[in-house]
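Some notes on the structure that comes next.
None of the values given here were measured: they were computed from a predicted structure. One-based numbering, in listed order, for ligands and for the atoms of each.
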Amino acid sequence: MEGNSYKILGLCCRWCSYAGADLAGAMRLQYPPEIRIVMIPCTGRVDILHLLKAFEAGFDAVFVSGCHEGDCHYLDGNVRARKRITKLRQVLADLGLEPERLEMFHVSSGEGPKFAQVCKEMYERVVRLGPNPVRRTAPAAAASR
Ligand code: FES
């Protein structure tokens with residue numbers, strides 16, 4: 001990866017945050033182009049393994065964004081997601097990866113400005129933290145094979 005070209009993955013619930021991202025676009029709100037948005041059916045479908053795979057693949061930060069509590073279309077998917085993410089942040093810290101690289105947000109379909117703010121916040125975190133250390137060490141590991 002060249003220069004300061006960061007990659008941030010945003011896993012966004014189709015019912016709320018993905019539409020919030022659409023609204024941010026329709027409102028022509030600026031947010032960093034480093035954000036890669038993937039639509040998911042509900043944050044409750046995000047597994048710890050998906051998140052670990054994203055870091056292994058070299059994403060510098062990952063955020064999961066879903067419906068506000070009480071608004072999940074699958075009742076408590078977002079509550080379960082928050083518990084998983086809280087648990088995984090602890091695991092990341094134990095592994096030596098800054099837990100701030102992983103975050104959960106709640107953004108509704110009507111909150112385009114909030115979605116843009118979430119993207120800016122994650123980008124600022126990554127700039128402060130630097131590249132994902134897994135990605136930083138990958139070329140050396142590959143070269144030793
Ligand atoms: Fe949006 Fe569950 S449907 S978080």
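Side chains of Pro99 and Gln90 form no contact here, defined as non-hydrogen atoms less than 4.5 Å apart. Contact annotation: the side chain of Leu97 approaches that of Pro133 to within less than 4.5 Å [non-hydrogen atoms, C-beta and beyond]. In this structure, the side chains of Tyr6 and Pro131 come closer than 4.5 Å at one or more pairs of heavy atoms. Here the side chains of Leu102 and Phe55 are in contact, with some heavy-atom distance below 4.5 Å. Between Val107 and Phe63, every side-chain heavy-atom pair lies at or beyond the 4.5 Å cut-off.
For ligand 1, the atoms lying closer than 4.0 Å to a non-hydrogen atom of Cys16 are 1 (Fe). Of all atoms in ligand 1, listed by their number and element, those nearer than 4.0 Å to a heavy atom of Thr43 are 4 (S). Numbered from 1 in the order shown, with element, the atoms of ligand 1 that lie under 4.0 Å from a heavy atom of Cys42 read 2 (Fe), 3 (S), 4 (S). Which parts of ligand 1 touch Tyr74 is read off a 4.0 Å heavy-atom cut-off, strictly below it: atoms 3 (S). For ligand 1 and Cys13, the ligand atoms under 4.0 Å from any heavy atom of the residue are 1 (Fe), 3 (S), 4 (S). Set against the non-hydrogen atoms of Trp15, the atoms of ligand 1 under 4.0 Å away are 3 (S).
For atom 3 (S) of ligand 1, the closest non-hydrogen atom on the protein side is His73 N, 3.3 Å.
Contacts with ligand 1 closer than 4.0 Å are made by no heavy atom of Ser17, backbone or side chain.
Among the backbone and side-chain atoms of Cys72, an N, O or S atom lies under 2.8 Å from atom 2 (Fe) of ligand 1. Atom 1 (Fe) of ligand 1 has an N, O or S atom of Cys67 inside 2.8 Å of it.
Residues passing the salt bridge (charged side-chain N to carboxylate O under 4.0 Å, His left out) test with Arg125, sequence neighbours excluded: Glu103, Glu121.
Ile85 and Phe105 are assigned to two separate hydrophobic clusters, defined by single-linkage of ILVMFWY side chains at heavy-atom distances under 4.5 Å.
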